[in-house]
Amino acid sequence: PKTEIPTAYADFSSGKSVSDESGDNIASPGEQLTYTITATNNGNADSGDVVLKDEMVNLLPHIDEDAASISITVSSDKDSSKNGTVSGSDLVSGITYKLKGNETVTLTFTVTVKSDLDTTTVKSISNQATLGDTLGPEIEIQTGKTNLSNDKDVADANDDGYASPGEELTYTITTTNNGSVAAKNV
């Protein structure tokens with residue numbers, strides 16, 4: 001009879017997501033964005049050293065923070081010794097982990113979009129992390145803001161420019177959005 005002995009292996013995957021403070025999926029000037037990065041060993045064996053890195057090349061020019069001032073919360077579902085905080089500079093340089101079999105490490109950080117971000121030239125903000133030699137998915141959030149203006153007009157029925165007793169008046173109020181994203185709850 002033939003006997004098969006399963007082998008232990010490490011199998012990595014990573015993910016990244018972004019959510020905006022207002023929940024409209026638009027990175028508006030002055031708004032906070034929360035990024036979540038996951039590094040997972042889907043295999044049944046512990047890994048050797050693996051580097052998680054995010055150079056933030058397309059993110060840093062559009063946010064108020066520099067890498068050193070970004071505080072990143074780290075949590076592991078299998079190894080509490082990894083829980084804590086690291087700086088954005090650590091993540092830019094690369095953080096080395098040994099991931100246990102079936103372990104996921106999650107990094108979360110919040111940044112603020114520059115209040116003077118020119119959304120007419122910067123249409124989106126993208127970001128990408130790597131796990132080992134594997135480039136993770138690039139995530140992108142559109143930018144924009146509303147630019148509302150209002151105009152009101154009143155017309156009298158006999159068109160003499162005066163409101164006379166008993167005369168019907170017609171009011172017209174116009175709101176225009178000259179911004180790059182839809183206005184809500186106006």
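Side chains are part of it too, since the values below use all heavy atoms of this structure and drop only hydrogens, waters and symmetry mates.
Residues Q32 and T110 have side chains that never bring a donor and an acceptor to within less than 3.5 angstrom of each other. D64 and T112 share no side-chain donor-acceptor pair at under 3.5 Å. Side-chain contact of D20 with S22: a donor-acceptor pair under 3.5 Å is present, judged by distance alone. T175 and N150 are linked by a side-chain donor-acceptor pair at a separation below 3.5 angstrom, with hydrogens and angles left out of the test.
Following chains of ILVMFWY side-chain contacts shorter than 4.5 Å, one cannot reach I141 starting from I26, and the two form parts of different hydrophobic clusters.
Checking T108, V111, D54 one by one against Y35, the side chain to side chain contact (heavy atoms under 4.5 Å, CB included) holds for a single residue, V111.
For N44 (side chain) and Y9 (main-chain N/O), a donor-acceptor pair under 3.5 Å exists by modelled atom type. Remark: the backbone N or O of E103 is not paired with any side-chain donor or acceptor of N41 at under 3.5 angstrom. When atom types are taken as modelled, the side chain of E138 and the backbone of S126 share no donor-acceptor pair closer than 3.5 angstrom. A donor-acceptor pair under 3.5 Å is absent between the side-chain atoms of S14 and the main chain of L131, judged by distance alone.
For the atom pair CG of N42 and CG of L99, the computed distance is 10.0 Å after rounding to the nearest 0.5 Å.
Shown here is I173, whose CD1 atom has no more than 12 heavy atoms of other residues, nucleotides or ligands within 6.0 Å.
In terms of heavy-atom proximity, I63 sits nearest to K114 at O-CE, 3.1 Å.
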Next on the checklist: One pair to check against side chain to side chain contact (heavy atoms under 4.5 Å, CB included): Q128 and I139. What are the steps and the verdict?
Outcome noted: CA-CA 6 Å; Q128 194 167 25; I139 58 155; over 6 Å; no
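Residues E4 and K2 are not paired through a salt bridge, judged by the lack of any N-O separation under 4.0 Å between the basic side chain and the carboxylate.
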